[in-house]
Amino acid sequence: MSFTLHGLAVSGGIAIGQAHLISQATLEVSHLVIAPRMVEKEVARLEAAFARVRAEFDAMTKSLEKSPADMRAFIDLHRMILDDPELSEVPKQIIRERRCNAEWAIVQQMELLVEQFEHVEDVYLRERSYDVRQAVERVVRELSEHPDHASGRLKGVKGENLIVVGHDLSPADVMAFKDQNFASFVTDVGGATSHTAILARGMGIPAVLGLHNARSLIRDKETLIVDGTRGVVIVNPDRRILEEYELRRSQFEIEKSKLKLLKTARATTLDKVKIDLLANIEEPGDVDAVLESGADGVGLFRTEFIFLGRGDMPSEDEQFEAYRKAVKGMEGRPITIRTFDLGNDKQLHVDESFEDRRRDNPALGLRSIRLSLAEPKVFQAQLRAILRASKLGKVKIMVPMLSHAFQVDQTLAAVEHAKSSLRGEKIPFDENIEVGGMIEVPAAALAIGVFLRRLDFVSIGTNDLIQYTLAIDRTDEQVANLYDPLHPAIMMLLSHIISSAEKANVPVSMCGEMAGDPMFTRILLGMGLRQFSMFPAQIPAVKQRIKQSDISEIEPIVRRIVRLEESAKIEEQIERLNTLQQ
Ligand code: PEP
Ligand code: MG
């Protein structure tokens, strides 16, 4: 039966392929009854999984030998939990008595224990139910031959005609299958500027999020059409629809390759203003696409993506290696490395101290620069690694999510500290490295002066600026309709940041999603923006729009648009501005 689902159009283009469903949670296991002759085999399978998890614990303990004791404590705790006969022995009895598969046996026993914990008065003990779950999850993963996350769920599956269908995909999941060449992915939840959506745009594949019931309505191997431009998924299309979409897909590809011809053209407006087009990247391997796109440099390297979803903290050397690769790859072009923007939907599953910091409102919690300043050792390792890489090219440091002037002061002091430790060790670095900050919290946008006085440059993060100004979670599809870049408050803030930076003579760029959408190119040019940073794949369309624009004509119109008080009117005027033949 053919049917159509509607969701959020988060990454344009058309994909046609076969559905590949991925399971929702590790602890959602199948319930099987084992043949009597298979029972002992199943017990042995469970024992082998325990042994592999214990070996994994040993390796983790070894790699954390020099780390503080509390970083190792959670491994010891999980080991103790698994060594308890309640988990190591009872599930074997369950397999023998009830002839369950190993996964089901251990999950049943876990549920029993968790329930007991939840009735305990002592808060500390009650919270240990979370550790029991985590420890069991490790065993279940081993049983299913699953490593950490989606890469496991997608193991052995590869292909340009596969469309991943999941209830939810974290950014770490998407990173894990980045090199597996999928045609597209669709999910039930997620907002248009969630990092999952951003990654889809970076990978240049169509994606639709917020479909609500895709995971339960679509079956494995069904034929799907994903129209990422309109936010539509057609399941089991008939021949006529299929042919129509095949045609649309090839037209889309032709348009894309036509735009690629602009690669070597300069991004200069009709009135000869040169605009810098920079690229956003997530890992060193992305620099090939950056060079291919003809970008002038990297305006945002989201360093946290290299390490998402791992079980340990990257060492300074490991980080240096990643930054070195990216800097070298840019062949002398500038590269802005952003310090970790961890937290919220970008979690690093490192140790208890990080886990302990999670709260119900993670977007407003200890994330990003707040987390870096609260973890001086982690911050120093990153700053030292960036500084070491600065000797190899034109590197800038950028700090995310600033809201208070003292955060800049503390960051600059941390950079100084890292510099002096390197000097002491006679390790070379760029003494004049620039330090800039992201303006993505309304408080920083409104009180921009204190940041402009302290920083070498600023970059506007519209994704968070919109989230925090309009008080809507960018990862929640239920409020996605309220995510409005054209809200008058956003127009006012953007115009205020850009004109203040211009007056203070501090370079200002934009690296949020608005910078890569040609719909906003003219309004931003009219506000005075001269540096745009976006995914390499978005550069050609924005460059084309720049080349067709005359800033002197646009400016007076934009001044009027910024004063409008309704999104609908702003949208109407921007559409007119965009159709203006110059
Ligand atoms: C932003 O918030 O606009 C931004 C560029 O940072 P991120 O999307 O990584 O939060
Ligand atoms: Mg941000």
Side-chain angles (χ1 to χ4, degrees), residues 20-61 73-120 122 124-157 166-168 170 173 176 215-216 219-220 309 311 349 352 355:
H20 175 72
L21 266 60
I22 57 171
S23 80
Q24 221 160 299
T26 323
L27 292 174
E28 203 181 78
V29 299
S30 39
H31 297 185
L32 306 174
V33 179
I34 307 290
R37 64 187 167 78
M38 297 300 285
V39 164
E40 285 313 313
K41 260 199 171 159
E42 202 58 14
V43 170
R45 201 163 76 83
L46 183 64
E47 281 174 344
F50 266 85
R52 283 200 299 273
V53 172
R54 288 193 185 106
E56 197 188 332
F57 283 153
D58 290 344
M60 282 165 79
T61 312
F74 90 103
I75 303 175
D76 295 336
L77 176 66
H78 285 194
R79 192 197 306 264
M80 248 168 58
I81 290 172
L82 287 185
D83 282 347
D84 190 310
E86 288 287 339
L87 275 178
S88 58
E89 294 304 320
V90 176
K92 290 192 229 165
Q93 285 167 20
I94 299 179
I95 296 175
R96 291 189 176 111
E97 285 162 15
R98 302 182 211 163
R99 288 179 25 217
C100 303
N101 56 323
E103 290 90 338
W104 188 16
I106 191 165
V107 167
Q108 281 181 75
Q109 179 61 4
M110 176 204 78
E111 278 165 358
L112 200 79
L113 294 176
V114 164
E115 205 187 310
Q116 287 168 7
F117 270 116
E118 279 164 4
H119 288 106
V120 174
D122 184 300
Y124 176 81
L125 279 178
R126 216 166 46 227
E127 285 181 355
R128 297 288 67 77
S129 67
Y130 183 63
D131 292 292
V132 173
R133 275 182 185 281
Q134 280 193 330
V136 169
E137 239 174 56
R138 284 186 184 276
V139 180
V140 173
R141 259 186 230 138
E142 280 303 330
L143 281 168
S144 329
E145 289 181 337
H146 286 175
D148 249 334
H149 34 66
S151 60
R153 293 189 253 156
L154 296 166
K155 215 172 174 180
V157 195
H167 173 69
D168 191 11
S170 71
D173 288 339
R215 179 64 180 66
S216 51
R219 276 173 300 175
D220 227 13
H349 300 287
E352 261 198 342
E355 296 283 339

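- Atoms CZ and CG, on Arg52 and Leu143 in that order, are 7.5 Å from each other to the nearest 0.5 Å.
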Using side-chain contact (heavy atoms from CB on, under 4.5 Å), reason through Glu40 and Val43 one step at a time and then give a plain yes or no.
CA-CA 5 Å; Glu40 285 313 313; Val43 170; 4.1 Å; yes
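- The closest donor-acceptor contact from the side chain of Arg96 to the backbone of Val39 lies at 3.5 Å or more, if one exists at all.
- The two residues Leu82 and Ser88 come nearest to each other via the heavy atoms O-CB, 3.3 Å.
- Note that the CD atom of Glu103 and the CD1 atom of Ile95 stand 9.0 Å from one another [nearest 0.5 Å].
- Taking Gln108 as the reference, Ile94, Arg98, Cys100, Trp104 meet the side chain to side chain contact (heavy atoms under 4.5 Å, CB included) condition, with sequence neighbours excluded.
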Should Glu86 and Leu112 be marked as a side-chain contact (heavy atoms from CB on, under 4.5 Å) after you check the CA-CA gap, both sets of side-chain angles, and the distance that decides it?
CA-CA 10 Å; Glu86 288 287 339; Leu112 200 79; 5.9 Å; no
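- For Glu142 (side chain) and Phe50 (main-chain N/O), no donor-acceptor pair under 3.5 Å exists by modelled atom type.
- For Ala102 against Arg45, the heavy-atom pair with the smallest separation is CB-NH2, 4.1 Å.
- The line from CZ of Arg138 to CZ of Arg79 is 11.0 Å long, rounded to the nearest 0.5 Å.
- A 4.5 Å side-chain heavy-atom check between Glu137 and Val140 finds every atom pair outside the cut-off.
- The side chain to side chain donor-acceptor pair (under 3.5 Å) test with Lys92 is passed by exactly one of Glu42, Glu47, Gln109, Glu97: Glu47.
- Ile106 CD1 to Leu46 CG: the interatomic distance, rounded to the nearest 0.5 Å, is 5.5 Å.
- Once rounded to the nearest 0.5 Å, the distance linking NE2 of His78 with CD of Glu56 reads 11.5 Å.
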Go through Leu21 and Arg219 one step at a time and tell me if the side-chain contact (heavy atoms from CB on, under 4.5 Å) criterion holds.
CA-CA 7 Å; Leu21 266 60; Arg219 276 173 300 175; 5.6 Å; no
